[in-house]
**Student:** 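My questions all concern the structure below.
Within every chain, numbering begins at 1; the chains are lettered A, B, ... in the order of the sequence lines, protein sequences first and strands thereafter. All figures in this text were calculated on a predicted structure; none of them were measured in a lab.
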2 protein chains.
Amino acid sequence: MFSKTFGYALRAVTFITIHGNDGNKVGLQELSQALEIPHHFLGKIMQDLVRHGVVDSVKGPHGGFYANAKTGKTVLTDILRITDGNLVFSQCALGIKRCNAAHPCPLHDDFALCRDGMLQIMAQKTVSMLAEGVVSGDTFLVR
Amino acid sequence: MFSKTFGYALRAVTFITIHGNDGNKVGLQELSQALEIPHHFLGKIMQDLVRHGVVDSVKGPHGGFYANAKTGKTVLTDILRITDGNLVFSQCALGIKRCNAAHPCPLHDDFALCRDGMLQIMAQKTVSMLAEGVVSGDTFLVR
DNA sequence: AGAAATAAAGAGTGTCAACTCTTTTTGTTG
DNA sequence: CAACAAAAAGAGTTGACACTCTTTATTTCT
Ligand code: FES
Ligand code: FES
């Protein structure tokens, strides 16, 4: 469905929203250990998120990643677009070239409903909403 | 979402259901040209489907693939299981190890609903249902 | 039986996501 | 300023999927 990169990115951003603030940044080491994500790989992903302004970072001792004004308001599809590109949003389940109601494959009606529904939900959910669920113990970021 | 192999397999089986019968088999060449699928690759996929009894085949002149008693009744999840394995049915959207209501990731409730809904639909749809839609001109198998 | 057609089988190639390792840059602190 | 810590950058590795090409086995037809 979605790439591993997306899962890693989303979990990392949520974790930072919960545990990182301007005075107490989250290091790559800490992040990768807490979430059980290979840390070099996570480094790459974080670079990308910083470049897109989803989170901020500082180098040097006591450096790390921390939430900025945008972070909490970031919506899941924003992150999906960064990690997985735009194609996810419009691809046919059977891989035929066009995907639209005027030229549907045999699965289109059902699939488009499912896909677009999921994406719409993800376009409304923000990172801080996810963080809430984790803080309250309702949902989990690891294992 | 699903592999290309799955799309190829499903389109091929549907095409055979429509155009192939015991007296008039569909050759690999014809199949791959009609559906615009690389024919050597399609050959591999068809091998697998024949092995699983989804369609039958004969070699030699005027050989090819044709629908058997099972073909039309085959349900989409059967084909999905052959091409994509079992993992699709139970994987977490964020890639955490367990995926169940007792240990949900922040996306679980929405995602599981969407995924299981889609799979349930696919567990009820048969190849002959798809074929009907194509024959009546409502849906398309190519492009 | 021999030739031709066709699926089956197998080996090889390209690409990309996912992951690892090394080096560089930047910032902090003593 | 020197030492050090941490992110950034870059190069390399691996495995799986997607695809190609070649060879073999089987069947039909003459
Ligand atoms: S055309 Fe296949 S899902 Fe839209
Ligand atoms: S736990 Fe993530 S989708 Fe079920």
**Student:** The side chain of B/Pro61 lies closest to which of these nucleotides: D/dC4, C/dC19, C/dA5?
**Tutor:**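 It is C/dA5.
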
**Student:** Mapping A/Arg51 and A/His62 onto DNA chain D by nearest heavy atom, which one lands closer to the 5' end?
**Tutor:**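 Mapping each residue to its closest nucleotide by heavy atoms, the 5'-most match is A/His62.
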
**Student:** Take the protein atom CG of B/Leu35 and the nucleotide atom C1' of D/dC19, then report the distance between them rounded to whole Å.
**Tutor:**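 Value for this atom pair: 17 Å.
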
**Student:** Side-chain N or O of A/Ser57 versus OP1/OP2 of D/dA8: is the shortest distance under 4.0 Å?
**Tutor:**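 Answer yes for this pair, as a side-chain N or O of A/Ser57 is under 4.0 Å from OP1 or OP2.
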
**Student:** Nearest to the side chain of B/Lys59 - C/dA7, D/dT20, D/dT28?
**Tutor:**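 It is C/dA7.
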
**Student:** Tell me: CG of A/Leu87 to P of C/dC16, nearest whole Å?
**Tutor:**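 These atoms are roughly 13 Å apart.
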
**Student:** Grab the CG-C1' distance between A/Leu28 and C/dC19 for me, whole Å please.
**Tutor:**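 Atom CG in A/Leu28 sits about 14 Å away from atom C1' in C/dC19.
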
**Student:** Could you tell me whether B/Gly63 contacts a base, only the sugar-phosphate backbone, or nothing, with contacts defined as non-hydrogen atoms closer than 4.0 Å?
**Tutor:**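 Sugar-phosphate, no base atom in range.
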
**Student:** How long is the line joining NE2 of B/His40 and P of C/dG14, in whole Å?
**Tutor:**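 In whole Å, C/dG14 P lies 16 Å from B/His40 NE2.
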
**Student:** If we only count heavy atoms from C-beta on, is the B/Cys99 to B/His108 side-chain gap below 4.5 Å?
**Tutor:**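 When only atoms from C-beta onward are counted, B/His108 and B/Cys99 do touch, with a gap below 4.5 Å.
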
**Student:** Within the 4.5 Å heavy-atom criterion, are B/Phe89 and B/Arg81 side-chain neighbours or not?
**Tutor:**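 Contact flag for B/Phe89/B/Arg81 side chains = yes.
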
**Student:** Tell me, do A/His39 and A/Leu31 make a side-chain contact under 4.5 Å, heavy atoms counted?
**Tutor:**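 Side chain of A/His39 against side chain of A/Leu31, heavy atoms only: no contact under 4.5 Å found.
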
**Student:** Hey, does A/Gly27 reach any base, or is it just sugar-phosphate, or nothing, if we go heavy atoms under 4.0 Å?
**Tutor:**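 Sugar-phosphate: the residue A/Gly27, judged by heavy atoms under 4.0 Å, touches backbone atoms but no base.
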
**Student:** How many Å lie between NZ on B/Lys44 and P on C/dT13, as a whole number?
**Tutor:**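 In whole Å, C/dT13 P and B/Lys44 NZ are 15 Å from each other.
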
**Student:** What is the distance, to the nearest angstrom, from the CD1 atom on B/Ile16 to the C1' atom on C/dA7?
**Tutor:**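 These atoms are roughly 12 Å apart.
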
**Student:** Whole angstrom is fine here: how far is it from CD in B/Gln29 over to C1' in C/dA8?
**Tutor:**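 Going from CD in B/Gln29 over to C1' in C/dA8 covers 15 Å.
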
**Student:** A side-chain contact here means heavy atoms from C-beta on lying under 4.5 Å apart; do A/Met122 and A/Val75 qualify?
**Tutor:**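 Not touching, per the 4.5 Å side-chain cut-off.
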
**Student:** Under 4.0 Å: is that the gap between some side-chain N or O of A/Thr5 and OP1 or OP2 of C/dA18?
**Tutor:**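 Answer is yes, contact under 4.0 Å.
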
**Student:** Can you classify the ring geometry of A/Phe111 versus B/Phe2 as parallel (below 30°), tilted (30 to 60°) or perpendicular (above 60°)?
**Tutor:**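 Rings of A/Phe111 and B/Phe2: tilted, as their planes differ by 30° to 60°.
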
**Student:** Between D/dC19 and B/Tyr8, is there an OP1 or OP2 to side-chain N/O distance shorter than 4.0 Å?
**Tutor:**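 Answer is yes, contact under 4.0 Å.
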
**Student:** Want to settle it: does B/Met46 or A/Val58 sit nearer the 5' end of DNA chain C, counting the closest nucleotide to each?
**Tutor:**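 In this pair, the answer is B/Met46.
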
**Student:** Let's see if you can work this out: which of D/dC19, C/dA8, C/dT28 has an atom nearest to the side-chain heavy atoms of B/Phe65?
**Tutor:**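 Selected nucleotide: C/dA8.
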
**Student:** Please report the distance, rounded to the nearest Å, between NZ in A/Lys25 and P in D/dA6.
**Tutor:**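 Taking atom P of D/dA6 as the reference, NZ of A/Lys25 is at 12 Å.
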
